[in-house]
Participant: 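This is the structure I want to talk about, given as structure tokens.
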Amino acid sequence: MKFDVQYKGRAIRLDITSEDSLYRLEYEGKKIGFRCERIDESCLSIMIGEKSYEAHVHAAPPAYGVQLQDLSYDFEVMEGGTGAAGVRRGGVGPHRITAPMPGKVVSVLRAPGDALKEGDGVVVIEAMKMQNELRTPRAGTLKEIRVAAGETVESGAVVAIIVPAAQAKTDAV
Amino acid sequence: MKFDVQYKGRAIRLDITSEDSLYRLEYEGKKIGFRCERIDESCLSIMIGEKSYEAHVHAAPPAYGVQLQDLSYDFEVMEGGTGAAGVRRGGVGPHRITAPMPGKVVSVLRAPGDALKEGDGVVVIEAMKMQNELRTPRAGTLKEIRVAAGETVESGAVVAIIVPAAQAKTDAV
Amino acid sequence: MKITGPPFKRILIANRGEIAVRVIRACREMGIESCSVYSDADRRALHVLMADRAWPLGDPVSRNSYLNIEKILDAARAMDCEAIHPGYGFLAENAGFARQVEESGLTFIGPPAACIEAMGSKTAARQAASDAGVPVVPGAMSHVSEDELEKLTGRIGYPVLLKATAGGGGKGMRIVRDPQGLDAAFRGASSEAGAAFADSSVYVEKYFENAHHIEVQVLFDNHGHGVYLGERECSVQRRYQKVLEETPSPFIDDAIRATMGECAVRLASAVGYRNAGTMEFLVDDQRNFYFLEMNTRLQVEHPVTEMVTSIDLVKEQIRLAAGDALGYGQHDIHPRGHAIECRIYAEDVENDFLPSPGRIVRLDEPGGGPGIRNDSGVYEGFTVPIYYDPLISKLVAWGRDRAEAIGRMRRALREYHVTGIKTTIPLMHMILAHPGFVAGNYSTSLIDRLTARRRGGEHVEDVALAALAVQLLENRRAKSGPASGSHGAASAWKRFSRAESLRKR
Amino acid sequence: MKITGPPFKRILIANRGEIAVRVIRACREMGIESCSVYSDADRRALHVLMADRAWPLGDPVSRNSYLNIEKILDAARAMDCEAIHPGYGFLAENAGFARQVEESGLTFIGPPAACIEAMGSKTAARQAASDAGVPVVPGAMSHVSEDELEKLTGRIGYPVLLKATAGGGGKGMRIVRDPQGLDAAFRGASSEAGAAFADSSVYVEKYFENAHHIEVQVLFDNHGHGVYLGERECSVQRRYQKVLEETPSPFIDDAIRATMGECAVRLASAVGYRNAGTMEFLVDDQRNFYFLEMNTRLQVEHPVTEMVTSIDLVKEQIRLAAGDALGYGQHDIHPRGHAIECRIYAEDVENDFLPSPGRIVRLDEPGGGPGIRNDSGVYEGFTVPIYYDPLISKLVAWGRDRAEAIGRMRRALREYHVTGIKTTIPLMHMILAHPGFVAGNYSTSLIDRLTARRRGGEHVEDVALAALAVQLLENRRAKSGPASGSHGAASAWKRFSRAESLRKR
């Protein structure tokens, strides 16, 4: 089976096959044979030859984290072609500002219709005594605010939608 | 809902009702109101008034264990009238000797047809370097041996069936 | 340590998280009943689960629960408590709270309200230190106006640090490196201080680059006897917040250690201090030390002192609050070996330390082998709430010497696995691998000098990709399998293990 | 403790379970690669998961895997190891194994094969002790015939204890209280010894009622320098198996302690001992002590010594095996405080200590707060195999004095929760609550004197029934619910928490 993965800006195609606990992984021209046993929900025991590795995988699609020895790896997986990963990198369509962490909306700084410069703050979210200002990465017009002060939001929730400057003009009455 | 429970030879009928996290238990004329939240698969947080208890329940029907503070409680629950609990206490029918622990059959001491006195050893099981001789609690005739030396058995597996002396005679040709 | 019956019957712990658990443990060891309080967000929290009694405070927002003095005093009365332990944070340094506790006829496990008040003003504390002959950082001895500020900075020289008189937690602080920036910094610090502490007054101190933050633990009984219990090196900081602490400090020698300790005891005596407290000092690169401030409570990093002195600081706090005499003197204190503490926060190191509350899916905590202690406030399956401090545990390692303590800490960090939320464990790995840290040659600028990323061997990256690929493969199979579910591999594993556990019976 | 580079590059650990994990931890702290071996039953065992390398041994049955010398030497060669640590049990006291390891050009982390051999014969060890001027229990100095037995028992007086010359683990032992029972006991002991050790020879010793088993830890380098590291009180036993150990012994005083220590060092010197070893003594109710036997390996209970001396015995074993000098003398050893170890076995206390292997459904292990260490060999979800020793972990508590250690152990035991298998945790609660134990006034008969059951307050029984009722209620509801399953409440909880965790994203 094949999977497309982003790792530090590098696009990697993984090709994995298995038979019982024996696996074969191909990527970037490398071929790796290994044995693997699932220990629990997040932990895998992987052996390459006699080398033994305890890997802890955290799945929060499209983000996947792997903890290994004293290192952490963060991957982004393109599932089904158009994952959230694609959206986040933006295109020419409307841009969604999402909450990077669960938290409480402390204040909404702008109102729908406001013109925004790149980097303008839109909403302030607080979690664990830390306030985080969510800014727009692109100039445009604030089309929609989906949260109100005092509300609790989950990580990844869409808090605002911005229409690019060009598109905003054509939309404008 | 009502449940019949054995505790140290004492038969207790529990009658429990709930609404959200509020519970009401009646048994032996006592009425106990409490709040309860499930913490995980085995752990419950119980509060009676402001008193807080962490209870760990292990379910291996019909046996249930509850760990609480520095104490352990072992219960046997009669589910659906004829639980294993009934069988174990025996009646006049055939008696089944079951493995009290998972283990490996080290040796089979008797053969089908053998006459057995109360307390005669029938099968030896080993687990964790400890050998355990399974004995018949009643006199009778060994009707069937269901295991062979070298086999692995699970806890509760039937290893032998004994027919009471009286019944054995009528069964005998 | 011979105790003839517990000093109190029942103690209320006006806190949550790992420090509430820490106090519960001390109570349990002493035969005292522990009473927790909890907000609606904490019904399933560990400090509620472990306590003997627990009382609800309602609204998760701190000012309506853990900071609500009336509710907490009501809880103490309702549960018939004799004393209140405030932990750290929340109401721990609120003199009004301490006073109300005492006026309610309960014992406040900490210093007298007057001491909290006196040390609460940073300038008053500086003045007290100076009066006691303890060196203070050059600068103002009381809050300054904009005019006074200019004169003073001219005298002490740039760079300077503006600080809030009522300050704490890095709020209202500004480093100023030249006269041009002074006005703006003053206004900024002043308004931030006003917003944070309802007191906009600021003062100024000389700012030292590459300084060390070293603090001294003191312990005083109600009869005027006190000792210092060595120092803690707290220079590994990020945005003025401590990240890792150790004792002894690799930076100072026995002579400075003793002098700092004597200064701390002298100052505590001078202000009539009681119970546990900490004097914070700034040490410059010439090893001159200056009093910074006093923390009139237990510190987060108290375990490193416990590891080397063998003294259980929380039990001592309780015992001393009950009026017991200290029972030992300075010459009975013989710290042994070396201890390091890593603060494990629910924060995303790779993402600018964004808070990472949420459900802990899987948790393996170190606690085995020699010299390891993990003071945790969470458990597997617990949902870390969004409302409170992100500290989830303090991992402590002890060794006969610093090298052994570092080896053990590294080993223990490798045994620490959290999935579901992000933690600062990766940051700790980076610090423990940093040559400057390993050599004991670091200052408050250490964190900035960390290389953002390390790379494992080529092989290790292969294994990370292998683990990811197995996970994705299992997810895909679980989705296309007969008992489909969106949960993927973990769900498949659960079904498997359940089937197996049923089969075993 | 200053180590300039690890003494070995790679060590093979010829063991499993908690002791293999213990050695892995020591290796990791020293920068040594750890290599595990595992039977088919242990592919998912913790010692495999944690090791840097792992090698399969096949068949779960010990004699075909962990006891198979050829396979283990092959594994060491294949993984290019420089040394082998045998742990305890399995091949740890097999002189032939030690010899073959050495002949393969590897280092055996333990004493020379000749020492293992000399001490393997209980009567030869008695003779060596006697020659070194160490008191031995009155009785035979070599194995006895039935005729000799009668004469000897007549001289030393009843009761006597028959023991296997090649003995260990309580096998081939018989207490004889009068001449009538002697013949039958001799034949019984002899045949049991023959079956267990392929050596039916037995000897006889005076039997002491209410005796104490106290052992002394020694540590010797390859250059003839050695020290003793205090004693361990091991009198809490069940069927000659240790259950709980502590140090120092509450039964002896400093003078006897020093004399026993000196005896232990003298005997070890006399037999040319190297590395870590333990002298077992029997102490009668008059505090006369007698050498019993020597264990030429690490003891299960070594952590209590580590806790009070601060010396990491496993690291010392490795370092000394590499030829390092001890580097300290008897006068540098200053034990501090008190330590207790509880052996947590997978056994059903309520059911005559029947083994209880199986899947660990939920596991909360203590490891927080001061003075607690849990050396575990298992994890949540692990299936404890039927093939091996039932020891799943060793819980250790340290305190400044015995009372504090007991308080901490009790507290930690309350934080220890295992479901899925039965453990000896309830037995430990009973021992720690026993007045004789608390007073430090107990001997080997303690376990028999435990009241079989304690009762909680009336209220506690209510809560136990409440917990049971909630569980049954949830089971019933889960069964009649739409997504029916035989797993009941836990399954419902899993669905709930899964749904919640998805919702949180």
Side-chain angles (χ1 to χ4, degrees), chain B residues 1 3 5 7-8 12 14-18 23 25-28 30 32 34 36 38-44 46-48 51 53-61 64-75 77 79 100-104 125-130 132 152-155, chain D residues 61-62 345-351 353-358 361-362 364 384-390 410 413-414 417-420 422 425-426 429-430 432-433 453-456 459-477 488-490 492-494 496-497:
Chain B
M1 262 177 206
F3 300 95
V5 173
Y7 175 54
K8 295 186 187 173
I12 304 174
L14 304 175
D15 187 355
I16 183 164
T17 53
S18 77
Y23 292 79
L25 172 68
E26 290 194 36
Y27 83 97
E28 296 180 346
K30 284 197 216 178
I32 300 147
F34 63 96
C36 180
R38 181 166 285 279
I39 298 299
D40 62 43
E41 252 180 287
S42 70
C43 179
L44 297 168
I46 290 178
M47 290 194 191
I48 300 186
K51 288 196 182 164
Y53 299 91
E54 180 182 351
H56 292 259
V57 183
H58 175 56
Y64 284 79
V66 176
Q67 292 164 31
L68 193 63
Q69 293 177 354
D70 56 350
L71 294 162
S72 307
Y73 295 85
D74 285 302
F75 302 104
V77 178
E79 280 174 303
M101 61 187 188
K104 200 170 170 170
I125 291 181
E126 183 182 283
M128 299 180 141
K129 296 161 61 182
M130 182 172 157
N132 197 265
T152 300
V153 294
E154 297 303 334
S155 180
Chain D
V61 174
S62 300
Y345 288 110
E347 290 178 347
D348 187 352
V349 176
E350 301 278 324
N351 220 335
F353 294 86
L354 224 53
S356 183
V361 173
R362 185 82 192 180
D364 297 336
V384 181
I386 61 170
Y387 299 97
Y388 314 110
D389 188 278
R410 281 189 189 145
L413 283 166
R414 276 195 56 175
H417 308 290
V418 188
T419 51
K422 298 276 190 174
I425 293 170
H429 278 301
M430 281 189 252
L432 272 288
R453 307 227 181 177
R454 295 156 307 136
R455 278 186 179 276
H459 211 46
V460 176
E461 197 173 291
D462 288 348
V463 177
L465 284 164
L468 174 66
V470 170
Q471 179 79 35
L472 294 172
L473 186 68
E474 289 187 7
N475 283 358
R476 182 86 48 97
R477 282 183 184 161
W493 174 78
K494 274 181 179 168
F496 160 75
S497 65

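Quick note on labels: first sequence line is chain A, next is B, and so on, each numbered from 1.
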Participant: When heavy-atom pairs shorter than 4.5 Å are enumerated against chain D, which of B/Met1, B/Lys129, B/Gln69 gives the highest number?
Facilitator: B/Gln69
Participant: Over all heavy atoms of both residues, which pair between B/Lys104 and D/Tyr387 is shortest? Give the atoms and the distance, please.
Facilitator: CD-CE2, 4.5 Å
Participant: Which atoms of D/Leu413 are under 4.5 Å from chain B, going by heavy atoms: the side chain, the backbone, both sets, or neither?
Facilitator: neither
Participant: Should D/Thr419 and B/Val57 count as side-chain neighbours, where that means a heavy-atom distance under 4.5 Å?
Facilitator: no
Participant: Would you call D/Leu465 and B/Tyr7 a side-chain contact if the rule is heavy atoms closer than 4.5 Å?
Facilitator: no
Participant: To check you understand the geometry: which heavy-atom pair defines the closest contact between B/Ala59 and D/Gln471, and what is its length?
Facilitator: CB-NE2, 4.4 Å
Participant: Side chain, backbone, both or neither: which part of D/Asp348 has a heavy atom under 4.5 Å from chain B?
Facilitator: neither
Participant: Apply side-chain contact (heavy atoms from CB on, under 4.5 Å) to B/Ser18 and D/Arg477, showing your working.
Facilitator: CA-CA 12 Å; B/Ser18 77; D/Arg477 282 183 184 161; 3.0 Å; yes
Participant: With rounding to the nearest 0.5 angstrom, report the OG1 to CG distance, B/Thr17 to D/Leu473.
Facilitator: 8.5 Å
Participant: Testing the basics here: between B/Met128 and D/Pro390, what is the closest heavy-atom pair and its distance to 0.1 Å?
Facilitator: SD-CB, 3.4 Å
Participant: Which one of D/Ser62, D/Ala467, D/Pro385 has the most heavy-atom pairs closer than 4.5 Å to chain B?
Facilitator: D/Ala467
Participant: By a 4.5 Å heavy-atom criterion (distance strictly below it), what part of D/Val349 contacts chain B: side chain, backbone, both, or neither?
Facilitator: neither
Participant: For the atom pair CD1 (B/Ile32) and CG (D/Asp462), what is the distance rounded to the nearest 0.5 Å?
Facilitator: 3.5 Å
Participant: How about B/Gln67 and D/Arg414: does a side-chain donor come under 3.5 Å of a side-chain acceptor?
Facilitator: no
Participant: In Å and rounded to the nearest 0.5 Å, what is the CG to CG distance from B/Leu14 to D/Leu472?
Facilitator: 7.0 Å
Participant: To the nearest 0.5 Å, what is the distance between NE2 (D/His417) and CG (B/Asp40)?
Facilitator: 10.0 Å
Participant: Against chain B, label D/Tyr345 side chain, backbone, both or neither, depending on which of its atoms sit under 4.5 Å from a heavy atom there.
Facilitator: neither
Participant: Evaluate B/Leu71 against D/His429 for side-chain contact (heavy atoms from CB on, under 4.5 Å), listing each step before the verdict.
Facilitator: CA-CA 8 Å; B/Leu71 294 162; D/His429 278 301; over 6 Å; no
Participant: Does the side chain of B/Lys51 come within less than 4.5 Å of D/Val463's, by heavy atoms?
Facilitator: no
Participant: Please give me the minimum heavy-atom distance between B/Val66 and D/Ala464, naming the atom from each residue.
Facilitator: CG2-O, 3.9 Å
Participant: With a 4.5 Å cut-off on heavy-atom pairs, point out which of B/Phe3, B/Phe34, B/Tyr53 contacts chain D the most.
Facilitator: B/Phe3
Participant: With a 4.5 Å cut-off on side-chain heavy atoms, are D/Asn351 and B/Met101 touching?
Facilitator: no
Participant: Charged N to carboxylate O below 4.0 Å: is that the case for B/Asp74 and D/Lys422?
Facilitator: yes
Participant: Working to the nearest 0.5 Å, report the span between CD1 of B/Ile16 and CG of D/Leu468.
Facilitator: 9.0 Å
Participant: Grab the two heavy atoms, one from D/Ala469 and one from B/Leu25, that are nearest each other, plus how far apart they are.
Facilitator: CB-CD1, 3.9 Å
Participant: Between D/Phe353 and B/Met130, what is the shortest heavy-atom contact and its length?
Facilitator: O-SD, 3.8 Å
